[in-house]
**Student:** 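Got a structure for you, questions after.
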Amino acid sequence: EVQLQASGGGLVQAGGSLRISCAASGFTFADEAVAWFRQAPGKEREGVSCISTSDGNTYYSDFVKGRFTISSDNDRNTVYLQMDSLQPEDTAVYYCAIKFRSACPLLLHHQRGDDWGLGTQVTVSS
């Protein structure tokens, strides 16, 4: 059974950093698109970043470019999102999702992951 567990969220002041993790179980990374999405209260869910586990290609939404870094540890079956220079508008529940044998642009655009984690809350105070 495929499971995704997101963790590492918390409360941080504006300008601070957090690293959130998405640990996958039930399979071994080989050829997947793994993405982070977020949803703030009253707003629609939006794609944040994505990584291809086969070649390590990364994708970022414009509002996080230069501040967030996505990476994967295929030995640990875990994807990380390092978030720097956090701002109050980054406050949201962050979810990870996976799409098998697919490409990041498709996952980010259509948001149709095969499996989703439960999410981790990130709160940035001003």
Side-chain angles (χ1 to χ4, degrees):
E1 179 186 4
V2 173
Q3 288 190 336
L4 300 177
Q5 184 170 357
S7 63
L11 173 64
V12 64
Q13 289 187 334
S17 298
L18 276 177
R19 188 180 78 160
I20 55 178
S21 303
C22 176
S25 59
F27 69 102
T28 301
F29 281 174
D31 183 19
E32 299 82 22
V34 183
W36 285 100
F37 296 85
R38 70 185 187 185
Q39 188 165 21
K43 295 187 177 181
E44 293 187 351
R45 186 174 61 197
E46 58 185 358
V48 175
S49 182
C50 185
I51 188 167
S52 169
T53 61
S54 61
D55 57 19
N57 284 343
T58 58
Y59 302 81
Y60 298 95
S61 293
D62 287 344
F63 51 82
V64 301
K65 280 182 181 177
R67 300 190 299 126
F68 291 10
T69 304
I70 192 170
S71 62
S72 70
D73 183 336
N74 287 8
D75 290 336
R76 296 179 182 269
N77 250 34
T78 300
V79 169
Y80 304 97
L81 186 68
Q82 176 67 40
M83 304 182 291
D84 299 319
S85 301
L86 283 162
Q87 300 301 316
E89 51 266 35
D90 295 316
T91 295
V93 177
Y94 284 70
Y95 300 90
C96 58
I98 192 165
K99 186 74 172 173
F100 294 94
R101 297 174 298 282
S102 185
C104 275
L106 292 176
L107 177 56
L108 286 173
H109 179 71
H110 296 293
Q111 300 194 20
R112 292 175 185 169
D114 293 323
D115 293 277
W116 291 79
L118 289 180
T120 185
Q121 175 71 47
V122 173
T123 303
V124 185
S125 63
S126 57

**Student:** Would you tell me whether Gln87 and Ser85 have side-chain atoms, one donor and one acceptor, within less than 3.5 Å of each other?
**Tutor:**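 Checked: Gln87/Ser85 side chains show no N/O donor-acceptor pair below 3.5 Å.
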**Student:** Should we count CG of Leu118 as having more than 12 external heavy atoms under 6.0 Å?
**Tutor:**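 At most 12 heavy atoms, drawn from other residues, nucleotides or ligands, come within 6.0 Å of this atom.
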**Student:** Quick one: are the ring centres of Phe37 and Trp116 less than 6.0 Å apart?
**Tutor:**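 Under 6.0 Å, so yes.
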**Student:** How many angstroms lie between CD in Glu46 and CD in Gln39, if you round to the nearest 0.5 Å?
**Tutor:** 9.0 Å
**Student:** Which pair of heavy atoms, one from Leu108 and one from Ala35, lies closest together, and at what distance?
**Tutor:**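 Leu108 and Ala35 have their closest heavy atoms at CD2-CB, 4.1 Å.
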**Student:** Please find the pair of heavy atoms, one from Ser21 and one from Trp36, that lie closest to each other, and give the distance.
**Tutor:**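 Between these two residues, the closest heavy atoms are O-CH2, 3.4 Å.
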**Student:** Kindly give the heavy-atom pair with the smallest separation between Thr69 and Tyr60, and that separation in Å.
**Tutor:**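 Result for this residue pair: CA-OH, 3.4 Å.
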**Student:** Hydrogens and angles aside, do Asp84 and Ser17 bring a side-chain donor and acceptor to less than 3.5 Å of each other?
**Tutor:** yes
**Student:** Rounded to the nearest 0.5 Å, what's the gap from CG on Leu86 to OG1 on Thr91? Could you check?
**Tutor:** 8.5 Å
**Student:** Using atom types as modelled and distance alone, determine if a side-chain donor or acceptor of Asp73 lies under 3.5 Å from a backbone N or O of Arg76.
**Tutor:**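 Between the backbone of Arg76 and the side chain of Asp73 there is a qualifying donor-acceptor contact (under 3.5 Å).
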**Student:** To the nearest 0.5 Å, how far apart are CD1 in Ile70 and SG in Cys96?
**Tutor:**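 One finds 9.5 Å between CD1 of Ile70 and SG of Cys96.
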**Student:** What is the distance from atom NE2 of His109 to atom SG of Cys104, rounded to the nearest 0.5 Å?
**Tutor:** 14.5 Å
**Student:** Can you name the closest pair of heavy atoms from Gln121 and Val93 and give their distance?
**Tutor:**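 Looking at all heavy atoms of both residues, the shortest contact is OE1-CG2, 3.2 Å.
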**Student:** Looking at Leu4 and Asp115, what are the two nearest heavy atoms and their distance?
**Tutor:** CD1-O, 3.4 Å
**Student:** Starting at CG of Asn74, measure out to CD1 of Ile51 and round the result to the nearest 0.5 Å.
**Tutor:** 8.0 Å
**Student:** Kindly say whether Arg45 contributes a backbone atom to a donor-acceptor pair with the side chain of Gln111 at under 3.5 angstrom?
**Tutor:**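 Yes, because the side chain of Gln111 sits within donor-acceptor range (under 3.5 Å) of the backbone of Arg45.
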**Student:** Could you tell me whether the side chain of Met83 reaches within less than 4.5 Å of the side chain of Val12, counting heavy atoms only?
**Tutor:**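 In short, these two side chains do not touch, never coming nearer than 4.5 Å.
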**Student:** Given side chains that start at C-beta, do those of Val122 and Leu18 come closer than 4.5 Å, heavy atoms only?
**Tutor:**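 Answer yes - side chains close enough.
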**Student:** Tell me, do Tyr80 and Ile20 make a side-chain contact under 4.5 Å, heavy atoms counted?
**Tutor:** no
**Student:** Let me see the working for Leu81 and Arg19 under side-chain contact (heavy atoms from CB on, under 4.5 Å), right down to the final yes or no.
**Tutor:** CA-CA 6 Å; Leu81 186 68; Arg19 188 180 78 160; over 6 Å; no
**Student:** Donor-acceptor pair, Asp90 side chain versus Val124 backbone, under 3.5 Å?
**Tutor:** no
**Student:** Roughly how far, to the nearest 0.5 Å, is CD of Glu32 from OG of Ser54?
**Tutor:**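 Between Ser54 OG and Glu32 CD, I get 8.0 Å after rounding to 0.5 Å.
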**Student:** Mind listing the closest non-hydrogen atom pair of Cys50 and Ala33 along with its distance?
**Tutor:** SG-CB, 4.0 Å
**Student:** If two hydrophobic side chains count as joined below 4.5 Å and joins carry through other members, does Val2 share a cluster with Val34?
**Tutor:** yes
**Student:** Can Arg38 and Tyr94 be counted as having a side-chain donor-acceptor contact under 3.5 angstrom?
**Tutor:**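 Yes, side-chain donor-acceptor contact under 3.5 Å.
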**Student:** Between the side chain of Thr120 and the main-chain N/O of Gly9, is any donor-acceptor distance below 3.5 Å?
**Tutor:**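 Side chain of Thr120 to backbone of Gly9: a pair is present.
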**Student:** Val79 versus Phe29: any side-chain heavy-atom pair under 4.5 Å?
**Tutor:**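 Result yes, sub-4.5 Å side-chain heavy-atom pair found.
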**Student:** Any salt bridge linking Asp114 with Lys99? Criterion: basic side-chain nitrogen under 4.0 Å from a carboxylate oxygen.
**Tutor:**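 Judged by the 4.0 Å cut-off on N to carboxylate O distance, Asp114 and Lys99 do form a salt bridge.
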**Student:** Assess the side chains of Ser125 and Gln13: does a donor N or O sit below 3.5 Å from an acceptor N or O?
**Tutor:**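 Short answer, no.
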